[in-house]
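Since the structure comes first, as structure tokens, the remarks are kept for the end.
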Amino acid sequence: MLKSHHCGALRSDHAGEHVALAGWVHRRRDHGNLIFIDLRDRFGITQLVFNPDHSATAHQIASQLRNEYVIRALGTVRTRPEGMRNPDMATGDVEVMIDQLEILNESREPVFHISRETEVDEALRLRYRYLDLRRPRMQRNMILRHRVTRFMREYLSERDFVEIETPILIKSTPEGARDYVVPSRLHPGRFYALPQSPQQLKQLLMVSGFERYFQIARCFRDEDQRADRQPEFTQLDVEMSFVDHEDVLQLLEGLLTELVPAVSDKRVQQSPFPRLTHTEAMARYGSDKPDVRFEMLLIDLTDLLAESGFRVFQQVLQAGGQVKAIRAPGCAGYSRRQIDELTELAREHGAKGLATIQMRDEGPHSPIARFLSEAEMTAILERTGAEPGDLLLIVADKAPVVAQVLGQLRLEMGRRLNLLDDDVLAFAWITDFPLLEWNAEEERFEAVHHPFTAPFDEDLDLLESAPGRARAKAYDIVANGYEIGGGSIRIHRRDVQSRLFRTIGMTDEEAHAQFGHLLEAFEFGAPPHGGIAAGLARLVMLLAGEPNIREVMAFPKTQSAVDLMTNAPSGISARQLDDLHIQIKD
RNA sequence: GGAGGCGUAGUGUAGUGGUCUAACACGUCGGCCUGUCAAGCCGAAGAUCGCGGGUUCGAGUCCCGUCGCUUCCGCCA
């Protein structure tokens, strides 16, 4: 080792010891004769002192040091003179008087400040990611991420789970997201796909009898990016045999409940986690990934307005729609401009308009008041519990639009009213998803979760009679309004799997071509099984309090899926294309 | 594919039609300096205002296009 201690280690107990330190020049303070260098490594910062009276040679070399030079320094630890201690530094009681200094490597002037936590354009951070990763924020996030995966590995290993790697080059399947695809040199015109998840493979491991599997699995989806979505991402992937959904939920609930305090200062809002059916979540929060840190639930006014003379409500109700409201406490004083902002937000999410009732001192003020009977107004105020000072936001439309719009308005008002406690992780389970939904474009049913999800036992026969009504043994886990995971009990019987494939419009031949390996495996004693997968970076993002997933990834890609550091994707040589039997079209 | 935001010295910002001959802070370079820790003081260098076109007597500023980053919609079994 080039160093005897790291830069966070030395205390006054070490006074008198001769030590060797190595790291980066964090800051220099050159007084001409006396030079101070803050030396940084991963573990901390230690002040080095160069005094020409102590070592003229070391002092001479020190005068050449610049930010981010890599150095090795030997000297004696001493407590700082009284009054010179720095209580803000862990090593602030000591300094090292250097007698020998070696420059291990010089550094160009960094393209942005390493030693100051200033905001830097993200494109520049990504281009020089190795420098960005030197900064405290990214160091902290990467180490947090390591602690999270380490905790998961230990937690699951202690409970008899086996970590098994599954291949990255697999077979492309038609369902689901767009695959990333890899051409085959040995098989002209054929392609591997990168896994969207190890779904089928982990099910096959259950057929193999491992009973409890997990993997910190890399997954790939060729879809457009979001703040919480990257083209490649990592999931904690878990699968268990001989379990029902309760076992899976309790496993992950236990893991997360213990994980949060073990790796962060955040608090779990409630454990066991609250459970909502998909229907409840949509009805009360207007979202299948509700932020349950605050209430402000959607309130159904439909029945109160059944006889309403207001034409907008009439038309919506006649078309089978609904009228719902949320109550924003203390927002009655909103200006015209603020109301307009909310209306605009509502329009962006598909509403035709937004009705408001402002609970002013002199009484309810509303642009729609004149269309409502006194009884209707009274009923609305009573149902919503509106009090003086409150603002009611009302949307009338088809149920999915009402949910989308009020769900978004709820989040916006939660933000405006500062109801989103950053120190809290509010987990919740969403259960009882529909199994299938109608795809109007392709004129067929498709799996809401994936086509291996088991239907409720009592809904099995709906596969043929009323597929849209079948419920799935599927569950999502959400935290602070993010979907951080999802799973299901799987189909483990060949006949049921075949029926499901038929229901989603696949012929037996197509099913055999795409999923023959799985169907065949089910003929060899496949145990009942189920599992879950959780997005690692989304979880770490919440634990770190970061606004997007890139902040907890070492080398993320941009929104256009480009790696600004390496410039991937890039062209390849004619020779490589030739080997792969590929011709570029344009 | 669509909508919004941003783009000015190495970095972060100011500048919203006319002494802008582009300002400030940090950083950089040079000088002075033996107790600093965001060291200090003095001085200096450093910007085709993302790129292209247009409007105008005059464009960093207005308009159009384009590129990059980003947020959202679509998409994400």
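Chain letters run A, B, ... following the sequence lines, proteins first, then strands; residues in each count from 1. Below, each value reflects all heavy atoms present in this structure, side chains not excepted, and no hydrogens, waters or symmetry copies. Because the structure is a prediction, the values reported are computed rather than measured.
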Q | A:H31 ring over B:rA39 six-membered base ring, under 5.5 Å and 30° | A | yes
Q: Mark this stacking check for A:F112 against B:rU11 as yes or no, applying ring centres under 5.5 Å and ring planes under 30°.
A: no
Q. When all nucleic acid strands are considered with a 4.0 Å heavy-atom cut-off, which category describes A:V49: base, sugar-phosphate, or nothing?
A. nothing
Would the base of [N] count as contacting [X] through its side chain, where contact means a donor and an acceptor less than 3.5 Å apart?
| X | N | value |
| --- | --- | --- |
| A:R229 | B:rC76 | yes |
| A:R28 | B:rG27 | no |
| A:R85 | B:rC37 | no |
| A:D224 | B:rG74 | yes |
| A:R226 | B:rG74 | yes |
| A:R550 | B:rC69 | no |

Minimum-distance nucleotide (side-chain atoms of [X] versus [options]):
| X | options | answer |
| --- | --- | --- |
| A:L126 | B:rU71, B:rC76, B:rU70 | B:rU70 |
| A:L124 | B:rG35, B:rU11, B:rC37 | B:rU11 |
| A:N86 | B:rG35, B:rC72, B:rC37 | B:rC37 |
| A:R116 | B:rG35, B:rU71, B:rG27 | B:rG27 |
| A:A227 | B:rC69, B:rC72, B:rU28 | B:rC72 |
| A:E223 | B:rA39, B:rG35, B:rC75 | B:rC75 |

I need the [atom1]-[atom2] distance between [X] and [N], as an integer number of Å.
| X | N | atom1 | atom2 | result |
| --- | --- | --- | --- | --- |
| A:Q559 | B:rC76 | CD | P | 17 Å |
| A:Q404 | B:rG74 | CD | C1' | 12 Å |
| A:N51 | B:rG35 | CG | P | 10 Å |
| A:D30 | B:rC32 | CG | C1' | 11 Å |
| A:M89 | B:rA39 | CE | C1' | 14 Å |
| A:Q408 | B:rC73 | CD | P | 7 Å |
| A:E344 | B:rC72 | CD | P | 17 Å |

Looking at [X], I'd like to know whether one of its side-chain N or O atoms comes within less than 4.0 Å of OP1 or OP2 on [N].
| X | N | result |
| --- | --- | --- |
| A:T558 | B:rC69 | yes |
| A:R66 | B:rC29 | yes |
| A:R29 | B:rG35 | no |

Does the distance from a Lys or Arg side-chain N to an Asp or Glu carboxylate O, for [X] and [Y], drop under 4.0 Å?
| X | Y | result |
| --- | --- | --- |
| A:E95 | A:R78 | yes |
| A:R493 | A:D495 | yes |
| A:D237 | A:K202 | yes |
| A:R416 | A:E341 | yes |
| A:R538 | A:D228 | yes |
| A:R108 | A:E68 | no |

Q. Mind checking the C1' distance from B:rA38 to B:rG12? Whole angstroms is fine.
A. 15 Å
Q: Could you work out the separation of B:rU21 and B:rA25 based on their C1' atoms and round it to a whole Å?
A: 22 Å
Q.
Before you tell me yes or no, could you show the steps for A:H6 and A:F43 under ring-ring contact (aromatic ring centres under 6.0 Å, His included), namely the whole-Å CA-CA distance, both residues' side-chain angles and the distance that decides it to 0.1 Å?
A. CA-CA 6 Å; A:H6 60 64; A:F43 302 95; 4.3 Å; yes
**Q.** Comparing A:L34 and A:E119 on RNA chain B - which has the more 5′ nearest nucleotide
**A.** A:E119
Q) Mapping A:D53 and A:V120 to their closest nucleotides on RNA chain B, which lands nearer the 5' end? A) A:V120
Q: Could you check which nucleotide pairs with B:rG40 in any of the strands shown, counting Watson-Crick or G-U wobble with both distances under 3.5 Å?
A: B:rC32
